[in-house]
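Treat the numbers as computed from the prediction; the structure is a model and nothing was measured. In listed order, ligands and their atoms are each counted from 1.
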Amino acid sequence: MNAPWKSGGPGGRDQFAAYMCDEASLDVLRPIALEMGWQPEKCNKGGLRNAVQSLSITASPNILLVDLSESGDPLNDINALAEVCEPGTVVIAVGQVNDVRLYRDLLASGIQDYLLKPLSPGTVRDTLAQAQAVFSAPRGHEPGAAKSHLSTAVIGTRGGVGASTLATSLAWLFSADEKLPTALLDLDIHFGTGALCLDLEPGRGLTDAIENPSRIDGLFIERAMIRANDNLAILSAEAPIGTPLMTDGAAFVQLEEEFRQAFEMTVIDLPRNMLINFPQLLANVNVVVLVVELTLASARDTIRMLSWLKAHAPHARVLVVANKIQPSLAEITKADFEASIETPVQIAIPYDLKAASMAAKLGQTFADTNRTNRAGAAIRDLSRLILEETGEARSAPGGPAAKPSLLGKLDLKAFMGKAAAKKETAPR
Ligand SMILES: Nc1ncnc2c1ncn2[C@@H]1O[C@H](COP(=O)(O)OP(=O)(O)OP(=O)(O)O)[C@@H](O)[C@H]1O
Ligand SMILES: [Mg+2]
């Protein structure tokens, strides 16, 4: 696949190339390429097919932006592109189809991101910066990778959107259904519901950890965490309301580190204010679940948080999940919300009062109680998406992995089969 006779720029590979179908996109792209220190001539006219043709005779760039607009079968054509790309190339697709299923399939086939036309300079700039970070990050799927671990942070864009409901549900599904040793870290120190929703007492574990970060080690974890099932341990608190949080965040980072050694999965219920105070908490997180509601205020804060995440946690895969959906009562429609945040909502969970009250009554997580209704099924879809989309990251030895390159995945013949099968699967 790697033709040794291919020519390329200095060092064999260019830093960047783009293949765009229309002048308007090229006009947006060229000045940004220049800003990033790349040659604007590398922004070529022509879409995916041109890219495949050119790259079959020249070395592929580190970062490749490719327009799918003129492609009748984008997934198939992307596979053709993978045939001519070098390992490690970070590919960003551009298109005019706003379809979540296509977006997901593209991500699953190794594409780093999918941008909708017309291109907005801010989004292009952020995406290219992120691609650069991903390209320079250590690869996560080297052979001999030590212990696997996947860390997911669940963040609500507004209060009460259901972030804790999803964090506890995901932790339950990973531990009970997938049988993966899982830690749930509830960082809502004063008002956390991680233990409450499982009908457990939070204990003093998290409070002790905050007061004495130097004591945090494997033994401490074993003693301080509350067991919720054979595979799930929780660290949560109900700190007195009169006691302000006194920490520099070192305890939380240390806990994350210990969890990486002791568990396969970490789920962090991360309130927004904790994100602002302790951004370092996201340094080793693989997946961020951004829980949104379909309101104007949530749209504004989703935009702000997506942009923050792109800048501060470019390694993390961000999944936008809309909860408590009531189509007839939505302040803004899902389509308008998606257009405004310029990102598809990957999972939509219906509002289901009966489901929530049943979970509360039984002292179980929402997903555990609701195994047959649509809300429960959507949360299970989310858990699968997390496990699926970051399958490669779980093999990273000491932290999050870059998203696998197109070719990195394609090297695995099995993946080719999976991509083809996925294409034929009927929408859920
Ligand atoms: N899909 C849903 N349908 C109906 N009720 C729901 C749904 N999801 C969550 N809830 C309910 O909404 C309430 C708030 O949920 P939760 O505590 O998870 O939100 P949160 O985002 O963590 O809030 P906070 O900002 O206080 O941390 C809970 O009573 C929960 O049972
Ligand atoms: Mg909460």
>> Does the protein come close to atom 3 (N) of ligand 1 - that is, does one of its heavy atoms sit below 4.0 Å from that atom?
In response: yes

> Of all the non-hydrogen atoms in the protein, which one sits nearest to atom 19 (O) of ligand 1, and at what distance?
Replying inline: Gly162 N, 3.1 Å

> Where the side chain of Arg380 meets the backbone of Arg371, is there a donor-acceptor pair that is under 3.5 Å apart?
Replying inline: yes

> Is the backbone of Ala24 close enough, under 3.5 Å, to the side chain of Lys117 for a donor and an acceptor to pair up by distance?
Replying inline: no

> Which residue holds the protein heavy atom closest to atom 5 (N) of ligand 1, what is that atom called, and what is the gap in Å?
Replying inline: Ala356 CB, 3.5 Å

>> With a cut-off of 2.8 Å, does Ser164 put an N/O/S atom close enough to the Mg ion (ligand 2)?
In response: yes

>> Please check: side-chain N/O of Gln130 versus main-chain N/O of Pro314, any donor-acceptor pairing under 3.5 Å?
In response: yes

> What pair of heavy atoms forms the shortest contact from Val28 to Val124, and how long is it?
Replying inline: CG1-CG2, 4.4 Å

> Should Gly160 be listed as contacting ligand 1, given a heavy-atom distance under 4.0 Å as the test?
Replying inline: yes

> So among Asp230, Asn229, Thr182, which one has a side chain to side chain donor-acceptor pair (under 3.5 Å) with Ser175?
Replying inline: Asn229

> Counting each atom of ligand 1 from 1 as listed, which ones have a heavy atom of Asp352 under 4.0 Å away?
Replying inline: 2 (C), 3 (N), 4 (C)

> Is there a nitrogen or oxygen of Thr193 sitting under 3.5 Å from a nitrogen or oxygen of ligand 1?
Replying inline: no

> Hey, what's the ring geometry for Trp308 with His312, parallel, tilted or perpendicular (30° and 60° as the breaks)?
Replying inline: parallel

> Are any of the N/O atoms in Asn323 less than 3.5 Å from those in ligand 1?
Replying inline: yes

>> With respect to Ala163, determine whether any N or O atom, backbone or side chain, lies less than 3.5 Å from an N or O atom of ligand 1.
In response: yes

> Which residue and non-hydrogen atom of the protein lie closest to atom 30 (C) of ligand 1, and at what distance in Å?
Replying inline: Thr165 OG1, 3.6 Å

>> Using side chain to side chain donor-acceptor pair (under 3.5 Å), reason through Asp301 and Thr157 one step at a time and then give a plain yes or no.
In response: CA-CA 6 Å; Asp301 291 341; Thr157 52; over 6 Å; no

> Below 3.5 angstrom, do we get any N/O pair linking Ser164 and ligand 1?
Replying inline: yes

>> Suppose we measure from atom 10 (N) of ligand 1 to each protein heavy atom; which comes out shortest, and what is that distance?
In response: Lys324 CE, 3.4 Å

> Against heavy atoms of Gly159, which atoms of ligand 1 measure under 4.0 Å?
Replying inline: 25 (O)

> Hey, mind stepping through Gln364 and Thr369 against side chain to side chain donor-acceptor pair (under 3.5 Å) and telling me if it holds?
Replying inline: CA-CA 6 Å; Gln364 295 177 346; Thr369 306; 3.0 Å; yes

>> Check the orientation of Phe16 and Trp38. Use parallel for under 30°, tilted for 30 to 60°, and perpendicular for over 60°.
In response: parallel

> Does some non-hydrogen atom of Pro350 fall short of 4.0 Å from ligand 1?
Replying inline: yes

